[in-house]
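In what follows, chains are A, B, ... by sequence order, proteins preceding strands, each numbered from 1.
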Amino acid sequence: MANDNNRFQAIIAHCKEYGFIFPSSEIYDGLSAVYDYGQNGSELKKNIRDYWWKSMTQLHDNIVGIDAAIFMHPTTWKASGHVDNFSDPMIDNKDSKKRYRVDHLIEAHADLLKEKGEAGAKEAEQLLAEMDALLAKEDYAGLKQLIDDNKIKCSVSGTVNWTDIRQFNLMFSTEFGATASSEDADSKVYLRPETAQGIFVNFLNVQKTGRMKIPFGIAQIGKAFRNEIVARQFIFRMREFEQMEMQFFVRPGTEGEWYKFWKEERLKWHLSLGIDPSKYRYHDHIKLAHYAKEACDIEFEFPMGFREVEGIHSRSDFDLSQHQQYSKKKMQYFDNDLDANGKPFGNYIPYVIETSIGLDRMFLLIMSNAYTEEDLSTPEKADSRVVLKFPAKLAPIKLAVLPLLKKDGLPEIAREIMNSCKGSFRCFYEEKDAIGKRYRRMDALGTPFCVTVDHQTKEDNTVTVRHRDSMQQERIPISAIKAMVEAQL
RNA sequence: GCGGAAGUAGCUCACCUGGUAGAGCGACAGCUUCCCAAGCUGUAGGUAGCGGGUUCGAGUCCCGUCUUCCGCUCCA
């Protein structure tokens, strides 16, 4: 097999050729970092999504699921810190290619001035005052002028060769209401940059109506949107993506053990799909985000190297406290459990452990783990195949039903098998071309089972089952087909 | 955002220094009836990413633009 880069290219090409993933709006040259899932990709994605949902909700009786709207009240993003932390005006130095936050750049210059004694300190004070005024007005041209007037230099290149100031707000925004205009700040709403806040704002609703007792979790799957400066590497970083996440609410003081629990529990989930453990590793965060107490990533060895596929974060009570402050609603929980002194733990704002996995990244993980090029050459003949070794429970198509010949009544029997199975799982019927060719086509889609109807079937009601990974065949009765497939799901 | 590479049929690519678009695979219809792709016949499919320029003539040269990949940067 070629090197990893070629392998990644081959996977991308395979995804397109076999109906898994297409560039968005491809007939119009595509839209940068946006992709569509095709007829097979959407099935695979759905199966991954369902598997996660079932593992998290159905199999944990203290976790429930919700589906919050993508639009949220704008104050949500003030409370979460997204508006303040991620909409700063930036400026690039053309020589060093270094990018600065404008306020940081000016403040650094002010600090330099202050070191120059009293006159400098006064100058610095005036500079900062001007900056604040301009920032408040969002007067970027004025800020640029301020940088030019003060001859503020880049610390790397030492030059004053600056680009214009640009705002990099990673949140997409739009206008809410039919009569709204873009100048009307009050009508501005954002497309959520993460799904987590939909859970936090519904914390009280779910806790009260579900009579949930701590510890408990709320799970959610949904789209999120980030206007990445650089979005790349196929579906690994897209501007529109889907998250599967769960916020687990715990009593303060127990967050350490629950963090550890979920860190291990989530890796177990990945390994339950039969993926080689050596392709996984943890990456503990040293530099923590503004809300985090402890954080780690579960990384997977993609063709382009180890990359984050899932994050586990100990978020303390940051989010609920923020929402309590901004909404003036008490985000507390009364804990009737008794402490060491026999008294109820009482009211508190719960701490949160978050598990957050990118569905699209999980798709890429499954795809790159499954993609295999096999050399089947014999001394007589060169031969090879591409096979997607999906876990059977995730495969887009579970069973292909193939009449060996398209005559002698074989298609009729095959159709009957189709009809008896298609209510239970996704099946595919094919009578064109030689049987070997049909097997190979199914390999390329990752179909785990092919059954072939031949003349013997008419005599004893058995079919050949051909297994995808081993290419081994066996004969089983028609009546056993459904149970055989379902045993793998 | 910067730098590098690329864009011709569904896929992989060819067309050497400008002269009326090709191959293999694939797809479709039929034949063949063969349990691991590439047997036979036929059919469809491209105004060469898009726009402009130079030229008698541009897939080929020049400029712009879009998209993708790689490296750097960024990534709550």
Item to check | Span that lies between the P atom of G24(B) and that of U41(B), in whole angstrom | outcome: 12 Å
Next on the checklist: Rounded to whole Å, how long is the line connecting atom NZ of Lys16(A) with atom P of A9(B)?
Outcome noted: 9 Å
Item to check | Gln9(A) side chain, from C-beta outward: closest of C69(B), C35(B), A27(B) | outcome: C69(B)
Next on the checklist: Closest approach to the side chain of Ile12(A), judged atom by atom: which nucleotide of A37(B), U33(B), C69(B) is it?
Outcome noted: C69(B)
Item to check | Candidates A76(B), A37(B), C36(B) - which lies nearest the side chain of Tyr439(A) | outcome: C36(B)
Checklist entry - Phe236(A) CZ to C70(B) P: how many Å, rounded? => result 12 Å
Item to check | Secondary-structure notation, RNA chain B, from Watson-Crick and G-U pairs under 3.5 angstrom (| other strand) | outcome: (((((((..((((.....[..)))).(((((.......))))).....(((((..]....))))))))))))....
Checklist entry - What interatomic distance, in whole Å, is found between C1' of U12(B) and the corresponding atom of A27(B)? => result 16 Å
Checklist entry - In whole Å, what is the span from the CG atom of Leu31(A) to the C1' atom of C66(B)? => result 11 Å
Checklist entry - What's the CD1-P distance between Ile476(A) and C35(B), to the nearest Å? => result 19 Å
Next on the checklist: Nearest to the Pro193(A) side chain among A76(B), C69(B), A37(B), which nucleotide is it?
Outcome noted: A76(B)
Checklist entry - Phe390(A) and Arg468(A): which non-hydrogen atoms are nearest, and at how many Å? => result O-NH2, 2.6 Å
Checklist entry - Tell me: CD of Glu430(A) to C1' of A37(B), nearest whole Å? => result 13 Å
Checklist entry - Quick one: is C75(B) close enough that its OP1 or OP2 comes under 4.0 Å of any side-chain N or O from Arg307(A)? => result no
Checklist entry - Between C25(B) atom C1' and Lys437(A) atom NZ, what is the distance in whole Å? => result 9 Å
Item to check | Nearest-nucleotide pick for Ser32(A), side chain only, options being A76(B), U67(B), C35(B) | outcome: U67(B)
Checklist entry - What is the distance, rounded to the nearest whole Å, between atom CG of Leu402(A) and atom C1' of C36(B)? => result 11 Å
Item to check | From C70(B), C36(B), U33(B), nucleotide with atom closest to Lys406(A) side chain | outcome: U33(B)
Next on the checklist: Looking only at the side chain of Gln233(A) (C-beta and beyond, no hydrogens), which of the listed nucleotides C70(B), A37(B), A76(B) gets closest?
Outcome noted: C70(B)
Checklist entry - Quick one: does Arg466(A) reach the base of C36(B) with a side-chain donor-acceptor pair under 3.5 Å? => result yes
Checklist entry - Side-chain donor or acceptor of Tyr28(A) under 3.5 Å from a matching atom on the base of C66(B)? => result no
Checklist entry - Of the nucleotides A37(B), C35(B), U12(B), which has the atom closest to the Ala13(A) side chain? => result U12(B)
Checklist entry - Which of the following nucleotides, C75(B), A29(B), U32(B), is nearest to the side chain of Lys432(A)? => result A29(B)
Next on the checklist: So Ile435(A), base contact, sugar-phosphate only, or nothing? Heavy-atom distance under 4.0 Å.
Outcome noted: sugar-phosphate
Next on the checklist: Students often get this wrong, so: under 4.0 angstrom with heavy atoms, is Tyr35(A) touching a base, only sugar-phosphate, or nothing?
Outcome noted: sugar-phosphate
Checklist entry - G10(B), C75(B), C35(B): which one has an atom nearest the side-chain heavy atoms of Arg237(A)? => result C75(B)
Item to check | Sugar-phosphate only, base, or nothing, as touched by Ala444(A) at under 4.0 Å among non-hydrogen atoms | outcome: nothing
Checklist entry - Expressed in angstrom and rounded to an integer, what is the separation of Glu26(A) atom CD from C66(B) atom P? => result 18 Å
